[in-house]
Amino acid sequence: MKIQQPALARPPGPKLGFLGGFRTFRRDALGFLLQTARRYGDVAWFRVGPYDLYLLSQPDHVRDVLVAGHHMVVKSRILQEARKILGDGLLTSEGETHKRNRRLLQPVFHHERTEAYGQVMAEYAARAAERWRDGQEVDLHAELMALTLAIVGKSLFGTDVEEADAHQVAESLGTMLGLYDRFFLPFAQYLERLPLPANRRFWRAKDSLDEVVFGLIRDRRSEGDRGDLLSMLLAARDGDEGYGGAMSDQQVRDEATTIFLAGHETTAIALTWAFYLLSQSPEVEERLRRELDEVLGDRIPAPADLQQLPYTRRVFSESLRLYPPAWTMGRTLIADLPVGGYAVPAGATALLSQYVIHHDPRWYPDPWRFDPDRWEPSAVAARPKYSFFPFGAGPRMCIGEDFAWMEGMLVLASIARRWRFRLVPGQRIGLSPRITLRPKYGMRMRVEQRR
Ligand code: HEM
């Protein structure tokens with residue numbers, strides 16, 4: 001006899017229509033997610049085209065899905081589509097392949113090694129800041145993208161990432177990410193096979209990126225071990241059955257491209273927003289400057305100084321809260337998962353939005369205010385654990401978190417001790433929530449030397 005399954009209760013949520021959901025997301029994804037959470041509660045359901053989405057907005061839900069439920073979910077379609085750019089690297093792989101990749105890459109991100117990268121970070125930041133002149137106008141977002149790419153290139157790939165190569169990588173990744181949105185259009189799988197100009201630009205950018213990365217791999221194979229990320233990937237051996245021996249050039253390419261992308265864009269964005277927030281808050285700017293003057297004097301900062309810079313850390317934390325570079329994470333369920341009193345069904349996508357949870361007045365009163373004092377240890381201890389998760393959570397949590405904190409604080413300190421920034425007249429501020437939370441109109445700033 002066939003047993004009738006009880007119907008699962010559906011949480012409340014907005015009705016968007018088949019195409020309406022795509023439009024809503026493209027027009028104002030952040031506003032829509034915020035409003036949905038506020039209006040329908042901590043578990044809300046809606047449809048975008050054929051996709052069933054559950055917006056989960058309690059810190060405990062982050063734990064339920066990303067930590068306790070991690071074996072019942074896979075990355076959502078957005079990240080699976082990123083395979084077209086990143087192949088089977090750490091960010092996009094699943095299951096056993098991911099486990100193996102993570103094991104291979106972990107030593108590169110050990111704390112002691114990250115300390116060594118710190119020297120590169122501070123030096124490069126100081127050098128970039130040397131080039132500015134008092135009163136000059138710069139696109140700070142573009143400047144910081146170039147800086148963080150150079151830091152990742154130098155610290156993880158050794159000396160041979162020439163400026164021209166770094167530029168080519170940045171440009172190709174930028175082109176591909178710019179065109180990436182169309183993978184989410186309805187019928188994308190048909191559109192992407194057509195010889196449209198946008199498709200041709202995408203594949204040309206990919207070829208150009210591959211040329212640089214495969215070039216680096218070729219050079220390194222002939223030069224031997226230099227103790228950097230690329231050498232480690234090439235030397236990696238894995239006795240696991242089914243893999244046998246070394247990684248292929250394609251596997252090394254996928255990991256290297258993943259690190260290039262994941263390792264520079266997010267940090268550059270976090271820093272851009274941090275300097276924007278400082279420019280709007282002279283009081284915080286002044287407290288930061290006092291700390292930097294007291295601790296550093298005329299020196300450029302070193303990793304060992306970071307312990308002495310608690311306010312710098314709070315400024316960076318508060319920026320990551322207000323403008324989390326990874327603003328939403330999606331997971332597709334492979335089995336039903338109980339969350340917040342509902343059963344989120346297999347096949348549906350759970351959305352956990354840093355942007356929504358980080359702006360929730362239950363955890364952050366007056367949530368839009370830039371207030372680094374929220375990061376006093378006693379205030380942090382009073383909040384639920386996953387009310388702040390800019391680096392994700394669970395076994396897929398950012399492998400570069402230590403790297404990012406060190407880089408964020410060292411670059412912030414190196415630059416802020418010498419310069420402050422003011423928006424140029426007419427500069428608009430907007431958010432472009434793509435894979436990361438970019439400033440929509442760039443960030444043109446006037447550079448002012450500290451007296
Ligand atoms: C402020 C800077 C950064 C932020 C906000 C950030 C955020 C994140 C988040 C939220 C994830 C999890 C994605 C998911 O589970 O779907 C992630 C994963 C990852 N991040 Fe970062 N990240 C930052 C910097 C970095 C840096 C500097 C590197 C490398 C140098 C890096 C490399 C990676 C990699 C390889 C993964 C995939 C980890 C895995 O799946 O095992 N990230 N990052």
Side-chain angles (χ1 to χ4, degrees), residues 62 65-67 69-70 73-83 86-106 108-110 113-114 117-118 120-121 144-145 147-157 228-229 233 254-274 313 316-317 319-332 349-355 357-358 386 388-412 435-438:
V62 176
V65 176
L66 298 181
V67 187
H70 76 90
V73 299
V74 292
K75 295 238 168 159
S76 67
R77 181 160 169 256
I78 297 201
L79 265 171
Q80 288 180 18
E81 287 294 342
R83 284 212 162 129
L86 302 175
D88 239 351
L90 193 59
L91 194 65
T92 38
S93 53
E94 293 286 356
E96 285 305 310
T97 310
H98 172 262
K99 243 195 225 157
R100 174 184 188 249
N101 291 348
R102 184 106 190 176
R103 209 167 42 231
L104 288 175
L105 284 180
Q106 204 76 58
V108 180
F109 292 99
H110 272 166
R113 277 190 93 105
T114 307
Y117 307 141
V120 177
M121 296 167 183
L144 291 169
M145 288 283 268
L147 173 61
T148 55
L149 186 70
I151 289 174
V152 153
K154 173 80 176 170
S155 46
L156 297 181
F157 296 95
D228 57 17
L229 172 94
L233 291 176
D254 291 350
E255 294 301 357
T257 308
T258 298
I259 300 290
F260 258 130
L261 179 69
H264 89 287
E265 157 116 13
T266 38
T267 317
I269 285 179
L271 283 161
T272 304
W273 290 117
R313 189 178 177 93
F316 196 59
S317 303
S319 308
L320 287 171
R321 178 185 76 81
L322 280 165
Y323 294 102
W327 54 282
T328 288
M329 297 172 48
R331 290 291 191 269
T332 303
T349 299
L351 288 182
L352 298 146
S353 170
Q354 283 92 343
Y355 195 77
I357 294 181
H358 291 185
Y386 295 105
F388 183 61
F389 64 117
F391 296 96
R396 307 271 336 214
M397 189 165 174
C398 180
I399 199 171
E401 179 176 358
D402 268 6
F403 190 109
W405 277 107
M406 180 158 302
E407 184 177 13
M409 286 182 65
L410 286 172
V411 172
L412 192 59
I435 300 187
T436 54
L437 196 57
R438 290 182 169 191

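When a ligand or atom number is given, it counts from 1 through the structure's own listing order. Computed from a predicted model, the values in this text were never measured in an experiment.
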Does any N/O atom on [X] come nearer than 3.5 Å to any N/O atom on ligand 1?
X	answer
His98	yes
Thr258	no
Leu91	no
Arg331	yes
Arg396	yes

Tell me which donor-acceptor pairs under 3.5 Å the side chains of residues 322-330 have, and how far apart each pair is, sequence neighbours excluded?
unit_1	atom_1	unit_2	atom_2	d
Trp327	NE1	Arg434	O	2.7
Thr328	OG1	Ser353	OG	3.2

Nearest protein heavy-atom contact for [atom]: which residue, which atom, what distance?
atom	value
atom 24 (C) of ligand 1	Thr266 OG1, 3.4 Å
atom 6 (C) of ligand 1	Phe391 CD2, 3.7 Å
atom 38 (C) of ligand 1	Arg102 NH1, 3.5 Å
atom 21 (Fe) of ligand 1	Cys398 SG, 2.3 Å

Original post:
What do you reckon, does Glu401 put a non-hydrogen atom under 4.0 Å from ligand 1?
Top reply: no
**OP:** Heavy-atom distances under 4.0 Å are what count here, so tell me which part of Lys75 touches ligand 1: side chain, backbone, both or neither.
**Re:** side chain
**OP:** Using a 4.0 Å heavy-atom cut-off, say whether Phe109 meets ligand 1 through its side chain, its backbone, both or neither.
**Re:** side chain
Per-atom contacts, ligand 1 versus [X] - under 4.0 Å to a heavy atom:
X	result
Phe403	27 (C)
Ile399	34 (C), 35 (C)
Ala404	2 (C), 24 (C)

Original post:
So between Pro390, Ala262, Gly263, whose heavy atom ends up nearest atom 10 (C) of ligand 1?
Top reply: Pro390
**OP:** Sequence neighbours left out, what pairs pass salt bridge (charged side-chain N to carboxylate O under 4.0 Å, His left out) with at least one residue falling in residues 393-404?
**Re:** Glu94-Arg396
**OP:** Please state whether the rings of Trp405 and Phe391 are parallel, tilted or perpendicular, taking 30° and 60° as the class boundaries.
**Re:** tilted
